[in-house]
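Computed from a prediction, not measured in an experiment: that's the story for all the values here. Worth knowing before you read on, the calculation uses all heavy atoms, side chains too, and leaves out hydrogens, waters and symmetry mates.
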Amino acid sequence: MSTVNTVTEQLTRAGQAIEHDSFAIIDAEVGRHAYDAGQWPIVRRMIHANADFDFNGLTAFHPDAVEAGVRAMLAGGGTPVVADVEMICSGLSQPRLAHFGMKTYQFISDADVIETAKAEDTTRAVQAMRKAHRLGLLDGAIVGIGNAPTALIELVRLVREEGVRPALVVGMPVGFVSAAESKDLMAGVDEVPWIVIRGRKGGSTLVVAALHALLALAEARQKAAQP
């Protein structure tokens with residue numbers, strides 16, 4: 001049985017060559033880093049997504065993050081991916097997700113979310129996380145937050161106060177108001193695994209890159225287990 005990834009690769013040989021050459025350039029130019037064999041492919045793909053070597057160092061991992069993410073993807077039964085914004089859901093490869101039976105969810109533009117946010121003078125992102133919790137989607141999920149610091153802050157509250165237990169949180173909101181603080185808050189959580197970008201940098205593109213890297217690691221694990 002081949003151990004070469006197929007589902008999580010580019011669909012053409014030309015596309016594969018460009019991506020592999022890009023990774024080789026990053027490996028050659030990055031210099032020293034402290035990431036292990038599971039963490040580095042995630043950071044490398046994030047660098048690839050933005051041509052920004054600052055993610056070597058800014059990206060931080062809970063010790064169980066990579067293993068937890070791969071296990072969740074391989075668990076079967078369709079581990080949900082809950083995102084703060086539609087951009088993450090649109091950016092993720094649907095064939096790659098479908099291979100593992102995974103589906104994406106986001107509620108930021110739902111009418112009831114908007115109405116409640118106005119009534120309670122909170123953000124839509126806060127109410128979207130609360131709705132995901134009410135629907136039972138957060139426990140065991142992979143949660144990706146790339147835009148809204150308030151979504152990540154609310155998720156931390158749900159973990160600490162209401163016992164929510166995602167399989168993995170990829171917390172990378174970008175911005176100037178509470179972005180760095182929200183990620184520092186997430187990094188202080190011991191109850192669930194997380195991947196964060198320290199400081200102001202981040203964004204939905206980085207969440208997508210991190211999840212695609214995890215999907216590739218999951219496929220490699222899956223193939224290695226086949227007879």
Side-chain angles (χ1 to χ4, degrees), residues 35 38-39 42-43 45-47 49-50 52 54-73 79-89 91-92 104-108 122-133 137-215:
Y35 299 107
Q39 296 167 347
I42 298 170
V43 178
R45 192 173 285 270
M46 290 164 59
I47 293 170
N50 281 267
D52 188 345
D54 283 354
F55 297 115
N56 173 23
L58 289 180
T59 311
F61 292 82
H62 183 283
D64 300 328
V66 176
E67 182 62 25
V70 170
R71 282 202 312 266
M73 290 172 173
T79 295
V81 177
V82 179
D84 63 331
V85 290
E86 186 177 3
M87 187 180 297
I88 292 172
C89 301
L92 288 168
T104 60
Y105 300 86
Q106 59 83 27
F107 305 105
I108 195 76
T122 61
T123 68
R124 291 183 296 150
V126 166
Q127 297 301 330
M129 285 296 113
R130 291 177 183 175
K131 180 172 182 176
H133 178 37
L137 289 171
L138 292 180
D139 287 321
I142 295 174
V143 181
I145 297 174
N147 183 75
T150 56
L152 191 55
I153 293 168
E154 175 62 16
L155 183 60
V156 171
R157 187 194 70 80
L158 289 169
V159 168
R160 289 178 168 168
E161 297 182 11
E162 301 193 28
V164 168
R165 292 293 181 267
L168 174 67
V169 178
V170 182
M172 302 178 177
V174 61
F176 298 94
V177 178
S178 300
E181 293 84 352
S182 69
K183 290 175 279 189
D184 288 343
L185 192 65
M186 187 73 243
V189 171
D190 295 323
E191 294 90 340
V192 299
W194 44 261
I195 306 172
V196 301
I197 298 170
R198 298 286 193 175
R200 293 172 169 176
K201 290 187 177 184
S204 297
T205 303
L206 276 302
V207 174
V208 170
L211 292 180
H212 278 166
L214 280 166
L215 286 164

>> Among Leu138, Leu155, Val82, exactly one meets side chain to side chain contact (heavy atoms under 4.5 Å, CB included) together with Val169. Which residue is that?
In response: Leu155
> Which pairs count as salt bridge (charged side-chain N to carboxylate O under 4.0 Å, His left out) when at least one residue sits in residues 145-155, sequence neighbours excluded?
Replying inline: Arg130-Glu154, Glu154-Arg157
>> Closer than 3.5 angstrom, by distance alone: can the side chain of Asp84 be matched with the main-chain N or O of Asn147 as a donor-acceptor pair?
In response: yes
> Can you name the one residue among Ile145, Ile153, Val192, Val170 that meets side chain to side chain contact (heavy atoms under 4.5 Å, CB included) with Met186?
Replying inline: Val192
>> Rounded to the nearest 0.5 Å, what separates atom CZ in Phe107 from atom CE in Met129?
In response: 8.5 Å
>> Quick check on side chain to side chain contact (heavy atoms under 4.5 Å, CB included): which of Val207, Ile88, Val208 does Met172 satisfy it with?
In response: Val207
> Can any side-chain N or O of Lys183 pair as donor or acceptor with the backbone N or O of Gly171 at less than 3.5 Å?
Replying inline: no
> Which heavy atom of Ala68 sits nearest a heavy atom of Ala167, and at what distance?
Replying inline: CB-O, 3.5 Å
> In this structure, are over 12 heavy atoms from other groups packed under 6.0 Å from Gln39 atom CD?
Replying inline: yes
List the atom pairs, donor and acceptor, that lie under 3.5 Å between side-chain atoms in residues 196-205 and the rest of the protein, sequence neighbours left out.
| unit_1 | atom_1 | unit_2 | atom_2 | d |
| --- | --- | --- | --- | --- |
| Arg198 | NH1 | Asp184 | OD1 | 2.8 |
| Lys201 | NZ | Asp52 | OD2 | 2.8 |
| Lys201 | NZ | Asp54 | OD2 | 2.7 |

>> Please give me the minimum heavy-atom distance between Leu168 and Gly69, naming the atom from each residue.
In response: CD2-CA, 3.9 Å
> Is there a donor-acceptor pair closer than 3.5 Å between any side-chain N or O of Tyr105 and the backbone N or O of Cys89?
Replying inline: no
>> Nearest 0.5 angstrom please: His212 NE2 to Ile42 CD1, how far?
In response: 13.0 Å
>> If I compare all heavy atoms of Phe55 with all of Tyr35, which pair ends up nearest, and what's the gap?
In response: O-OH, 3.5 Å
>> Counting C-beta onward and ignoring hydrogens, is there a side-chain heavy-atom pair between Met73 and Thr79 closer than 4.5 Å?
In response: no
> So which heavy atom on Pro166 is nearest to which on Pro193, and how close?
Replying inline: O-CD, 4.4 Å
> Does Thr123 have any side-chain hydrogen bond (donor to acceptor under 3.5 Å, both in side chains) partners at least two apart in sequence or in another chain, and if so, which?
Replying inline: Thr150
>> Going by the rule side-chain hydrogen bond (donor to acceptor under 3.5 Å, both in side chains), which residues pair with His133 if we only count those two or more places apart in sequence or in a different chain?
In response: Glu162
> Got a donor-acceptor contact below 3.5 angstrom from the Thr59 side chain to the Asn56 backbone?
Replying inline: no
> From Leu137 CG over to Gln106 CD, what is the distance, rounded to the nearest 0.5 angstrom?
Replying inline: 12.0 Å
>> Once salt bridge (Lys or Arg N to Asp or Glu O under 4.0 Å) is applied, do any residues pair with Arg160, and if so which ones, sequence neighbours excluded?
In response: none
>> Using a 3.5 Å distance criterion without hydrogens, assess whether the side chain of Arg165 forms a donor-acceptor pair with backbone atoms of Gly140.
In response: no
> Who passes side-chain hydrogen bond (donor to acceptor under 3.5 Å, both in side chains) against Ser178, sequence neighbours left out?
Replying inline: none
> At what distance, to the nearest 0.5 angstrom, does CG of Leu206 lie from CG of Leu58?
Replying inline: 10.0 Å
